[in-house]
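Bear in mind that the values here come from a model prediction, so they are computed numbers and not experimental data.
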Amino acid sequence: MSRIIFLIDLDSFYAQCEQNRNPSLKGKPLVICMYSGRTETSGAVATANYEARALGIRSAMPIFLAKKKATPETVFLPADGEHYSQISEQAMQVFARHADVLEQVSIDEAYLDVSKKTNESFKKAEELAKQIKKELKQELNLTCSIGISSNKLVAKIAASFKKPDGLTIVKPEEIRTFLNPLKVEKLHGVGEVTTKKLNELGVQTVQQLSKFPVHQLIEVFGENKGKLLHNMSLGIDDSPVEETKEKQQFNTIGTLKADSNSFEEISPQLKDFARKLIDRVHEKNIFFKTVSIILISNKLETLTRSKTLEKETNELNVLLKTSEELLKEFFKQNPEMKLRRFGLRVSNFVEQKKQKSLFEFGN
DNA sequence: CCCTCGATCAC
DNA sequence: CCTCATATCGAGGG
């Protein structure tokens with residue numbers, strides 16, 4: 001029962017979208033930015049196209065730093081999320097036509113289980129991947145990178161192996177050889193902190209990780225992550241490609257005009273965010289039980305405070321009152337703490353209670 | 001098993 | 001002086 005899994009990644013997606021609606025941008029370094037609105041250049045890079053990456057500009061980089069690296073012809077544009085979402089939906093529809101199961105993991109990435117469609121043949125899988133690339137180019141003028149293997153873990157790494165417009169196939173018998181020489185940080189879920197800890201244990205490569213005693217990994221990283229690291233090092237990942245599921249939380253966060261420890265100064269933003277979240281709650285016809293405030297200090301520490309309600313709700317007033325209380329209580333405990341950013345979250349969603357029909361009532 | 005909160009990851 | 005949104009884990013306390 002071997003599977004064939006694709007991970008498809010749309011290349012520097014936001015930049016491609018912008019270049020398609022304004023072809024004069026083609027060939028130039030292009031940087032798509034999330035501006036925080038505090039100063040002219042405060043914010044971060046969302047996407048840099050390959051010409052901009054050649055200048056050393058990377059996503060998540062502060063905009064002012066990107067500007068230092070930019071050449072005169074470099075173009076900076078604000079992100080237009082609405083537009084990218086629309087294009088993303090169309091791309092996902094192309095993928096869906098060719099998948100047994102489609103799991104969208106972000107605006108520009110999706111896993112496809114194509115085991116049945118390809119009759120478990122990697123030869124057919126390669127043809128299918130080329131067909132998807134062709135349709136994506138013809139219909140939306142987009143390029144993508146595709147990784148193919150027998151599980152999600154390896155498909156994901158394979159997709160990053162050659163970019164942009166790449167296609168990398170790793171058959172089951174090639175997995176160990178493919179993974180062994182890679183640095184541990186190539187594994188999904190191994191970021192800066194985990195890499196540092198592993199390096200301190202003398203583990204740099206996936207091969208070294210595979211030889212490291214699993215019980216010791218569990219001691220250092222806990223039950224779940226320890227086992228996960230061990231399995232990943234062996235190329236083992238049985239997690240299924242699952243139809244994209246409903247979100248379990250909504251949050252929205254923004255940067256304050258100036259650092260503040262005043263409830264009154266933050267209140268307007270709180271109200272604005274509460275309305276935004278309630279709109280989404282109503283759209284999806286759901287109820288939430290937990291309200292959180294998200295606080296980021298001027299020292300960039302993240303704090304959260306939350307309250308779980310007695311009863312689920314979808315009311316603006318309840319959200320407002322609860323989050324206001326949380327924020328007031330926070331400042332009472334931490335009067336000196338200046339906040340740079342502030343946000344709200346609703347979570348712990350409950351299925352909407354349907355009215356029992358009269359018919360059901362009697363039974 | 002539930003709640004709270006911080007940490008980590010990665011888009 | 002560094003965006004925004006989501007999921008998952010673990011510890012600590014019920």
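Remark: the separation of the C1' atoms in B:dG6 and C:dT6 is 16 Å, to the nearest Å. Of the C1' atoms belonging to C:dT3 and B:dC9, the separation is 16 Å, rounded to the nearest Å.
No continuous path of hydrophobic side-chain contacts links A:Ile57 to A:Val75 [ILVMFWY only; heavy atoms under 4.5 Å]. A:Phe95 and A:Leu7 sit in two unconnected hydrophobic clusters of ILVMFWY residues. Membership requires side-chain heavy atoms under 4.5 Å apart, directly or through other members. A:Phe13 and A:Leu112 fall within a single hydrophobic cluster, where Ile, Leu, Val, Met, Phe, Trp and Tyr are joined by side-chain heavy atoms under 4.5 Å apart, directly or via other members.
Mapped onto DNA chain C by nearest heavy atom, A:Thr39 and A:Asn251 fall at different nucleotides, with A:Thr39 at the one closer to the 5' end. Comparing A:Arg305 and A:Asn348 by the nucleotide of DNA chain B that holds the closest heavy atom to each, the one mapping nearer the 5' end is A:Asn348. Nearest-nucleotide positions on DNA chain C for A:Lys225 and A:Ile294 put A:Ile294 closer to the 5' end.
Listed by chain and residue number, nothing satisfies the side chain to side chain contact (heavy atoms under 4.5 Å, CB included) test with A:Asp279 (two or more places apart in sequence, or in another chain). With sequence neighbours excluded, no residue forms a ring pair (Phe, Tyr, Trp, His ring centres under 6.0 Å) with A:Phe212. A search for side chain to side chain contact (heavy atoms under 4.5 Å, CB included) contacts involving A:Ala274 returns A:Leu316, A:Leu319, A:Leu320, A:Leu344, not counting sequence neighbours. With sequence neighbours excluded, the residues satisfying side chain to side chain contact (heavy atoms under 4.5 Å, CB included) with A:Glu51 are A:Pro29, A:Asn49.
Shown for residues 181-196 of chain A: residues whose heavy atoms fall under 4.0 angstrom of DNA chain B, namely A:Leu187, A:His188, A:Gly189, A:Val190, A:Gly191, A:Glu192, A:Val193, A:Thr194. Of all the residues in residues 41-48 of chain A, A:Ser42, A:Gly43, A:Ala44 reach under 4.0 Å from DNA chain C with at least one non-hydrogen atom. Of all the residues in residues 232-248 of chain A, A:Lys247, A:Gln248 reach under 4.0 Å from DNA chain C with at least one non-hydrogen atom.
Within the nucleic acid shown, A:Asn224 comes within 4.0 Å of sugar-phosphate atoms alone, with no base atom in reach, counting heavy atoms only. Contact annotation for A:Gly254: backbone-only contact, meaning every heavy-atom pair under 4.0 Å involves sugar-phosphate atoms and none involves a base. In this structure, A:Ile63 reaches neither bases nor backbone, as no heavy-atom distance under 4.0 Å exists between it and the strands shown. The residue A:Glu301 sits apart from the nucleic acid: no heavy atom pair falls under 4.0 Å. Contacts of A:Thr252 with the nucleic acid, taken as non-hydrogen atoms under 4.0 Å apart, involve only primed sugar atoms and P, OP1 or OP2. The residue A:Arg340 sits close to a base: some heavy atom pair falls under 4.0 Å. Contacts of A:Ala60 with the nucleic acid, taken as non-hydrogen atoms under 4.0 Å apart, include base atoms. Among the protein residues, A:Lys156 comes within range of the sugar-phosphate backbone only, with heavy atoms under 4.0 Å from sugar or phosphate atoms but none that close to a base.
Consecutive pairing runs in DNA chain C reach the stem threshold at B:1-8 with C:7-14, where a stem means at least three Watson-Crick or G-U wobble pairs with distances under 3.5 Å.
Side-chain atoms of A:Gln16 come within 3.5 Å of backbone N or O of A:Asp11 as a donor-acceptor pair.
For A:Tyr84 and A:Tyr14, the ring centers are positioned less than 6.0 Å apart. Ring pair A:Phe178/A:Phe161: centre-to-centre distance below 6.0 Å.
Among all heavy-atom pairs drawn from A:Ser88 and A:Ile107, the shortest one is OG-O, 2.7 Å. Here the shortest heavy-atom pairing between A:Ala159 and A:Ser145 reads O-CB, 3.7 Å.
A cation-pi contact, defined as under 6.0 Å to the ring centre and within 45° of the axis, is absent between A:Lys289 and A:Phe349.
Using a 4.0 Å cut-off between a side-chain N of Lys or Arg and a carboxylate O of Asp or Glu, A:Arg3 and A:Asp100 do not qualify as a salt bridge.
Between the side chains of A:His83 and A:Glu18, no donor N or O sits under 3.5 Å from an acceptor N or O.
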Step-by-step salt bridge (charged side-chain N to carboxylate O under 4.0 Å, His left out) determination, A:Glu109 to A:Lys152: CA-CA 12 Å; A:Glu109 265 185 44; A:Lys152 289 164 84 173; over 6 Å; no
Using side chain to side chain donor-acceptor pair (under 3.5 Å), reason through A:Thr143 and A:Asp165 one step at a time and then give a plain yes or no. CA-CA 6 Å; A:Thr143 68; A:Asp165 202 11; 5.2 Å; no
Under 3.5 Å, side-chain donor or acceptor atoms of residues 324-341 of chain A against the rest of the protein: list the pairs with distances, not counting sequence neighbours.
residue	atom	partner	partner atom	Å
A:Glu329	OE2	A:Gln333	NE2	2.7
A:Asn334	ND2	A:Phe330	O	3.0
A:Arg341	NE	A:Thr255	OG1	3.3

What side-chain donor-acceptor pairs closer than 3.5 Å can you find for residues 216-236 of chain A, not counting sequence neighbours?
residue	atom	partner	partner atom	Å
A:Glu223	OE2	A:Lys227	NZ	2.7
A:Lys225	NZ	A:Gly189	O	3.3
A:Lys225	NZ	A:Thr194	OG1	2.9
A:Ser233	OG	A:His230	O	2.6

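Taking every nucleotide of DNA chain C with any atom under 4.0 Å from a non-hydrogen atom of chain A, the first and last of them, 5' to 3', are C:dC1 to C:dG10. Boundaries of the chain A contact region on DNA chain B are B:dC3 to B:dC11, first to last in 5' to 3' order (nucleotide atom under 4.0 Å from a heavy atom).
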